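Please read these numbers as outputs of a predicted model, since none were measured by experiment. Atoms within a ligand are numbered from 1 in the order they appear, just like the ligands themselves.
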Amino acid sequence: MKSSLSALNVKPKVGVVVVAAGKGERTGLTYNKVLYNIGHKTVLESVLDKLKPYADQIIIVCADFDLPKIRDIAELYDAKVVLGGDTRFLSVYNGLKALTPCDIALIHDGARPFLNEHIITECIKSALLSGSGVAAVPAIDTVKQQQDGKVTTLDRSTLYNVQTPQAFNYARIIDAYSRFDGDSATDDSAVYEYAGNRTVLVNGDYNNTKITTAADLFRLNENINIGVGFDVHRLVSGRALILGGVELSYEKGLLGHSDADVLTHAVMDAMLSAANLPDIGVLFPDDSPDTLDISSMVLLDKVKQMIDSRYSIVSVSAVIAAQKPKLAPIIPDIKASLAQRLGIEKSCINISATTTEGLGIIGNGDAIAANAACILNTKNTENNQND
Ligand code: CTP
Ligand code: MG
């Protein structure tokens, strides 16, 4: 349980239930939206990253068809996995029943990755003091009610849109779920109220949206930046030929101040371009003794460090133009080498190769060139809080 709650002079035991047992049908994806990648993490992992510091135990509720993937994720967070039901209500109930008795049960949608520390602590504090703490935001749109053909306008100043997390006194929410008449409440506080309890709302955040439709997925990618890079080096005798950190066996190698790894140079420039930073010619001048004969993978580490705090790498794509040697057999090794160095999945890197049909300095075997593109995702910061 995180120290930001220690001002209360109590250390509540918090059990977290993350529901992820839906199908995500409204997104139009062919798989559950909680497994959609934001950067190189799934939506569910983004949720768990935020909740883990506050949790004494985590239960992830999932459907049987997602069990293998969710189990792999759960292992990373020391979380327990249980199966959900046909409705969100049944899934939450299964999750609550799987908790070891604790002080506070905090329920969150696995499809709501933008929660922040502030909301989590406010929910827990309120649940400690009053039995419940439910994230909500004042309604923005006017809400109408239509009944038997008659339309009335509700007083917007009294209306709130309810979100998750929702935190409750553990014993009371378990009791409320066991007494609820039906199996289809879409909101946990409604179940809590049904059992005669009083819901307390705390400030949610307009940014704490649930991923529901294809448009929500599209918005996830709003923070992406694309960069491109290009480099060319002369091929000469007496030098090693290194591409993407992999040394190839060939009669010639690339000439340069560093190891002249033309592919890695293009990749670095693509990353820097996407991050709006100066290129490698500026950052690592070719008259500096520090970079003489240096491995370009060391320079790649430095570029990654420069972007790491603000961006995650979504994908890297590159094409190498070389008449010779034949590159296809070595491309899997090059992909693995770059993926490992960049800390991303191999599936996020694509490398292809082409000849130039014998044309120009590449075609006559005097040079190798590389073009690269990189997509970076701006990391979410905590600056959208709603105090
Ligand atoms: N959920 C669940 N069990 C269900 C239905 C939903 O655990 N039987 C979870 C979802 O995984 C999601 C949250 O409840 O994290 C909110 O539900 P919703 O947005 O409706 O998600 P889905 O049911 O997955 O989406 P859809 O209704 O579009 O199929
Ligand atoms: Mg649903």
J.: Could you check Thr209, Asp205, Asp109, Asn208 and say which one makes a side-chain hydrogen bond (donor to acceptor under 3.5 Å, both in side chains) with Gln163?
T.: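 Of the listed options, the one satisfying the test is Asn208.
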J.: Can you list everything that forms a ring-ring contact (aromatic ring centres under 6.0 Å, His included) with Tyr250? Sequence neighbours excluded, please.
T.: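 Tyr250 satisfies ring-ring contact (aromatic ring centres under 6.0 Å, His included) with no other residue.
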J.: Pairing donors with acceptors under 3.5 angstrom, does anything connect the side chains of Asp49 and Tyr77?
T.: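 Yes - a donor-acceptor pair under 3.5 Å links their side chains.
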J.: Any idea which residues sit under 4.0 Å from ligand 1, heavy-atom distances?
T.: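 Answer by chain and number: Val19, Ala20, Ala21, Gly22, Lys23, Gly24, Glu25, Arg26, Lys33, Gly85, Asp86, Thr87, Arg88, Ser91, Asp109, Gly110, Ala111, Lys210.
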J.: With sequence neighbours left out, what residues match His108 under ring-ring contact (aromatic ring centres under 6.0 Å, His included)?
T.: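 By the ring-ring contact (aromatic ring centres under 6.0 Å, His included) rule, His108 matches no residue at all.
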J.: Show me the side-chain donor-acceptor pairs of residues 256-282 shorter than 3.5 Å, one per line, residues at least two apart or across chains.
T.:
unit_1, atom_1, unit_2, atom_2, d
His257, ND1, Asp286, O, 3.0
His257, NE2, Ser288, O, 2.7
His257, NE2, Thr291, OG1, 3.2
His257, NE2, Leu292, N, 3.4
Ser258, OG, Ala260, N, 3.1
Ser258, OG, His265, NE2, 3.4
Asp259, OD1, Asp261, N, 3.2
Asp259, OD1, Ser296, N, 3.3
Asp259, OD1, Ser296, OG, 2.4
Asp259, OD2, Ser296, N, 3.0
Asp261, OD1, Gly244, N, 2.9
Asp261, OD1, Leu263, N, 3.4
Asp261, OD1, Thr264, N, 3.1
Asp261, OD1, Thr264, OG1, 3.1
Asp261, OD2, Gly244, N, 3.1
Asp261, OD2, Gly245, N, 2.8
Asp261, OD2, Thr264, OG1, 2.8
His265, ND1, Asp231, OD2, 3.0
His265, ND1, His233, NE2, 3.3
His265, NE2, Ser296, OG, 2.9
Asp269, OD1, Ile280, N, 2.9
Ser273, OG, Val228, N, 3.1
Asp279, OD1, Gly281, N, 3.1
Asp279, OD1, Val282, N, 3.1

J.: Without hydrogens or angle criteria, can the side chains of Lys144 and Thr153 be said to hold a donor-acceptor pair below 3.5 Å?
T.: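 Per modelled atom types, Lys144 and Thr153 side chains form a pair under 3.5 Å.
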